[in-house]
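All heavy atoms count here, side chains included; hydrogens, waters and symmetry mates do not. The chains referred to below are lettered A, B, ... by the order of the sequence lines, with proteins before strands, and numbering in each begins at 1.
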Protein chains: 4
Amino acid sequence: MDELKAEANGTRRHPAGPKSQQRVRDILQAGRDVFAEKGYERATTAEIAQRVGVSEATVFSYFRGKRELCARVISEWYDEIIAAIEDGLPRDGSVRQQFAFIVRMHLRLMLIHGTGLCSLVLSEGRTKQHALGDELTALQRRYTAPLMRVLAHGQQTGQVRTDVPLRLMRSMVFGPMEHVLWEATLAHRSTDIEVTAERLVELLWAALQPPAPDVAALARLRDDMSEAMRRYEAAAQAKKSAIPI
Amino acid sequence: MDELKAEANGTRRHPAGPKSQQRVRDILQAGRDVFAEKGYERATTAEIAQRVGVSEATVFSYFRGKRELCARVISEWYDEIIAAIEDGLPRDGSVRQQFAFIVRMHLRLMLIHGTGLCSLVLSEGRTKQHALGDELTALQRRYTAPLMRVLAHGQQTGQVRTDVPLRLMRSMVFGPMEHVLWEATLAHRSTDIEVTAERLVELLWAALQPPAPDVAALARLRDDMSEAMRRYEAAAQAKKSAIPI
Amino acid sequence: MDELKAEANGTRRHPAGPKSQQRVRDILQAGRDVFAEKGYERATTAEIAQRVGVSEATVFSYFRGKRELCARVISEWYDEIIAAIEDGLPRDGSVRQQFAFIVRMHLRLMLIHGTGLCSLVLSEGRTKQHALGDELTALQRRYTAPLMRVLAHGQQTGQVRTDVPLRLMRSMVFGPMEHVLWEATLAHRSTDIEVTAERLVELLWAALQPPAPDVAALARLRDDMSEAMRRYEAAAQAKKSAIPI
Amino acid sequence: MDELKAEANGTRRHPAGPKSQQRVRDILQAGRDVFAEKGYERATTAEIAQRVGVSEATVFSYFRGKRELCARVISEWYDEIIAAIEDGLPRDGSVRQQFAFIVRMHLRLMLIHGTGLCSLVLSEGRTKQHALGDELTALQRRYTAPLMRVLAHGQQTGQVRTDVPLRLMRSMVFGPMEHVLWEATLAHRSTDIEVTAERLVELLWAALQPPAPDVAALARLRDDMSEAMRRYEAAAQAKKSAIPI
DNA sequence: CATGAATGAGACTTCATTCAT
DNA sequence: AATGAATGAAGTCTCATTCAT
């Protein structure tokens with residue numbers, strides 16, 4: 001991100017005066033809003049400039065172009081969110097506590113700015129030929145790093161299962177969160193995000209725990225039995241009513 | 001979907017000749033590809049026409065416009081996927097088998113056409129004022145319906161936890177799948193999707209099970225079963241040797 | 001018009017079978033409706049074809065193109081209207097009666113088909129480079145011929161003034177009629193066209209009569225006097241109130 | 001009109017710089033020419049831009065679109081013509097003088113820009129669903145207001161007949177003028193518009209006068225006047241010769 | 001520094017018209 | 001005789017981007 005900043009701010013025109021820095025912040029803020037609301041394609045530099053109250057040309061004198069501005073918006077946002085999680089992480093807490101913290105913070109932080117940014121990242125991040133590609137990947141790695149560390153630590157202490165690749169577990173954690181966030185935006189129904197967060201932690205934690213092989217197998221056995229019995233009973237019932245004689 | 005079809009074909013110019021139908025199919029195919037690759041905004045009617053090998057005007061004589069074409073692409077794709085899942089679902093299988101089937105099929109079907117369509121739906125579906133909005137919602141409901149039924153059935157038979165809203169469980173299931181799919185596309189590393197599917201099923205199933213199963217009771221059940229089986233087998237064996245014919 | 005018909009019907013493809021003639025009539029009818037409703041530019045061959053219930057290609061096999069069709073529509077319409085006036089004109093009536101008949105018929109006939117055709121002629125007739133130019137001029141001459149004859153006759157018998165070019169009198173007659181027709185269409189207020197016609201006849205007839213030089217001059221004198229008196233009185237009044245002493 | 005102006009300028013991009021205003025004027029001028037020549041539909045933004053010597057994009061940065069430009073053209077033109085008539089109207093003149101002034105000015109002003117604008121207004125004004133509809137109606141009312149006032153005044157002073165609705169008289173006046181203007185444009189023959197104007201005034205005035213003036217009474221009035229004048233002149237003459245200094 | 005002004009490139013869309021069948 | 005199918009040409013409009021002032 002630092003090299004991004006340098007690139008954006010230095011290659012163009014403006015020395016790093018304090019006024020200049022404020023301008024950059026204003027533009028980034030407006031850009032964040034507009035990109036989040038409209039998505040990359042539908043956002044226009046005109047609207048961003050207008051929200052800042054400057055001319056389009058000014059925007060282009062601080063940023064090389066729309067794409068760079070978008071890249072900066074995304075990276076700033078990632079920075080904030082990463083900092084918030086890294087700073088707040090209860091280092092002395094249990095693995096489960098740390099895990100819960102991350103999930104909770106993620107959901108909270110995302111919803112502060114609506115899910116626009118989130119899906120911006122997801123949609124635009126996917127596009128190849130988008131120049132952002134590399135930096136974005138780096139950011140995403142940094143972003144998921146805290147969770148990865150927690151999970152790895154959990155594996156070492158036997159609290160997290162080791163029979164599944166970490167990458168899959170990451171999907172297992174972030175996937176539902178994104179999904180929940182989308183639903184929260186789509187449905188105007190104001191989901192109680194705190195309640196949802198706690199439930200999600202519980203569900204996820206259940207999935208992440210080492211399989212108590214016995215119990216799981218037993219449960220499976222019970223389920224199979226149960227199914228078999230039900231099917232038998234249904235069949236018996238059918239026969240009875242079908243053949244009254 | 002049927003009214004979509006009617007709307008698209010016929011209102012414009014071409015009666016339902018056989019050649020006409022083929023053209024429609026060709027355009028839909030090209031549209032699917034391009035929309036999937038580029039997303040709605042970056043896709044151009046020019047490129048779609050060019051891939052079919054016709055002029056843009058031809059495309060517009062079969063579909064009212066870019067948006068309608070996109071809507072048709074999405075709905076056709078949903079139709080396929082829904083049909084595949086509804087038709088293939090093992091109705092006599094256990095809840096777990098059905099669940100596993102859905103997850104597996106989902107991952108497979110999505111990857112046939114790349115993740116483009118998937119994220120197209122997600123990105124475009126999110127945008128309000130997109131006119132597609134309503135039909136899309138309906139399709140998504142139909143799409144997730146099988147899973148919802150399976151989960152609900154599982155809850156009735158005590159195999160799926162009831163302490164969490166179904167909606168959250170849906171996010172819990174589809175979220176990771178989407179995430180996995182994105183990773184699969186992003187990283188060119190060809191993940192073995194079948195293996196991943198099995199692992200995902202296991203993780204998810206663990207999350208969905210009722211919490212705190214009574215281990216002791218389960219063990220007792222198992223023992224009773226075991227005993228019963230053994231007795232049965234012994235009896236069978238005895239019979240077999242008694243009646244060689 | 002006859003050469004138009006020949007041109008349209010012969011140069012293309014269709015021999016003059018009775019079926020073919022019916023087709024031509026149908027298309028002309030639909031064309032009349034659409035051109036009248038939409039104006040030349042906004043009318044589309046597609047809509048015309050659709051109203052007839054044939055394909056666009058069929059329309060083009062009977063008429064060389066949109067422009068020719070429009071020309072035919074206009075000329076047919078002129079034919080009708082001219083015939084109606086020529087046939088109905090009371091040859092034994094007085095000049096005033098004949099004049100009144102023409103005005104009345106004009107207003108009636110125009111309103112049968114709405115003012116669309118009327119303004120179509122006026123708008124499109126004006127456009128140079130419209131190919132219709134020449135034929136249209138000829139038609140308009142034929143169209144106004146009855147009126148011109150009546151007026152000329154009136155001049156010979158001393159019932160119509162001779163101090164004004166016939167051309168100007170034509171404008172004097174047709175101008176108000178067109179204006180009235182436009183107002184009738186614009187305002188949905190259903191003007192009683194018959195009453196308006198009678199009033200118009202009276203106004204126009206007054207204008208067309210030879211100036212009884214004495215009377216006119218006298219009237220003018222009276223008006224001037226009247227004005228002078230009023231001004232004087234106003235001035236006196238002002239003075240009185242201004243200078244109370 | 002003012003809200004039109006505000007709407008057009010400013011909402012798009014350019015603040016009201018001096019250069020900007022000139023551009024607006026240039027574009028309006030070119031727009032006026034092109035719309036007048038071609039009519040609304042056949043006019044193209046490309047041609048307008050080309051005549052100004054700028055790119056199409058520039059035109060669209062000053063006006064929201066073709067329609068708004070056309071609306072502005074029409075309203076500017078109306079403004080000019082209304083101002084010219086309102087400013088020049090001889091307020092102290094007789095009713096006939098005022099009437100003659102309006103007719104003369106109308107014909108002159110219209111011909112300055114050809115009849116294109118005139119028929120543009122008439123053709124486009126007629127089209128329903130044209131968005132211009134409302135503003136246009138208002139403008140037309142303002143435009144005909146001076147004439148209406150003069151006629152009403154004439155009615156009060158007995159110089160204009162009262163047995164016919166004002167609306168019909170308006171058609172009676174504007175109708176022939178439009179017709180004359182069209183003929184003037186169609187026929188390249190350069191009509192002497194001043195002569196025509198005077199003749200038209202005479203014809204129209206004849207139509208507007210109260211019917212059946214009492215010739216006898218008028219003659220008596222004239223004789224009285226005449227006698228009075230003669231007496232006055234004789235007296236004046238006497239005085240003049242009596243007091244030579 | 002900031003911006004007013006301009007624009008090239010390209011998007012979607014419409015429609016009269018042609019032609020093989 | 002009729003038409004299904006296709007399209008070239010053109011139109012309106014949008015927007016990121018540049019540059020002289």
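The CZ atom of D:Arg42 sits 18 Å away from the C1' atom of F:dT12 (whole-angstrom rounding). Computed from coordinates, the A:Leu69 CG to F:dC15 C1' distance equals 15 Å when rounded to whole Å. When the P atom of E:dC15 is taken as reference, atom CZ of C:Phe35 falls 13 Å away, rounded to whole Å. For D:Arg67 and F:dC13, the CZ to C1' distance is 13 Å, given to the nearest whole Å. Here E:dC1 presents its C1' atom at 12 Å from CD1 of A:Ile27, a figure rounded to the nearest Å. Rounded to whole Å, atom C1' of E:dG4 lies 16 Å from atom CD of D:Gln22. Here the C1' atom of nucleotide F:dT14 and the NZ atom of A:Lys38 are 13 Å apart, to the nearest Å. Residue A:Phe63 contributes atom CZ, which lies 15 Å from atom P of F:dA16 at whole-angstrom precision.
Under the 4.5 Å side-chain criterion, counting only non-hydrogen atoms from C-beta, A:Val52 is not in contact with A:Val59.
C:Glu47 has a carboxylate O that lies under 4.0 Å from a charged side-chain N of C:Lys38, or vice versa, which qualifies the two as a salt bridge.
Nearest heavy atoms, B:Arg72 versus B:Leu28: NH2-CD1, 3.5 Å. In this structure, D:Val73 and D:Gly31 approach most closely via the heavy-atom pair CG2-C, 3.9 Å. A pairwise comparison of heavy atoms in D:Arg51 and D:Ala30 identifies CB-CB, 4.1 Å as the closest pair. Smallest separation of non-hydrogen atoms from A:Ala43 and A:Val34: CB-CG1, 3.6 Å.
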From CA spacing to verdict: side-chain hydrogen bond (donor to acceptor under 3.5 Å, both in side chains), A:Gln29, A:Arg32 = CA-CA 5 Å; A:Gln29 183 58 49; A:Arg32 174 180 291 194; 4.9 Å; no

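Judged by a 6.0 Å distance limit and a 45° cone about the ring axis, C:Lys66 is positioned over the six-membered ring of C:Tyr40.
Where C:Val59 and B:Gly53 each meet DNA chain F at their nearest nucleotide, the meeting point lying more 5' is that of C:Val59. In this structure, D:Lys19 and B:Lys19 both approach DNA chain F, and ranking their closest nucleotides by distance from the 5' end singles out B:Lys19.
Which of E:dT7, F:dA2, E:dT3 sits closest to the side chain of D:Ser61 comes down to E:dT7.
For C:Thr58, a side-chain nitrogen or oxygen approaches OP1 or OP2 of F:dT3 to under 4.0 Å. Here B:Arg64 does not reach the OP1 or OP2 of E:dT13: none of its side-chain N or O atoms lies under 4.0 Å away. Note on C:Tyr62: every side-chain N or O is 4.0 Å or more away from OP1 and OP2 of F:dA1. The side chain of B:His14 places no N or O atom within less than 4.0 Å of a non-bridging phosphate oxygen (OP1 or OP2) of F:dG4.
No side-chain donor from either of D:Thr58 and D:Ser61 sits under 3.5 Å from a side-chain acceptor of the other.
Expressed to the nearest 0.5 Å, how far CD of A:Glu41 lies from CZ of A:Phe35 amounts to 9.5 Å.
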Name the pairs: protein N/O against N/O of nucleotides 9-12 of chain E, kept only if under 3.5 Å.
unit_1 : atom_1 : unit_2  : atom_2 : d
E:dC12 : OP1    : B:Ala43 : O      : 3.3
E:dC12 : OP1    : B:Lys66 : NZ     : 3.1
E:dC12 : OP2    : B:Thr45 : N      : 2.9
E:dC12 : OP2    : B:Thr45 : OG1    : 2.8

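Remark: DNA chain E takes part in the stems E:2-21 with F:2-21, each of 3 or more antiparallel Watson-Crick or G-U pairs, criterion distances under 3.5 Å.
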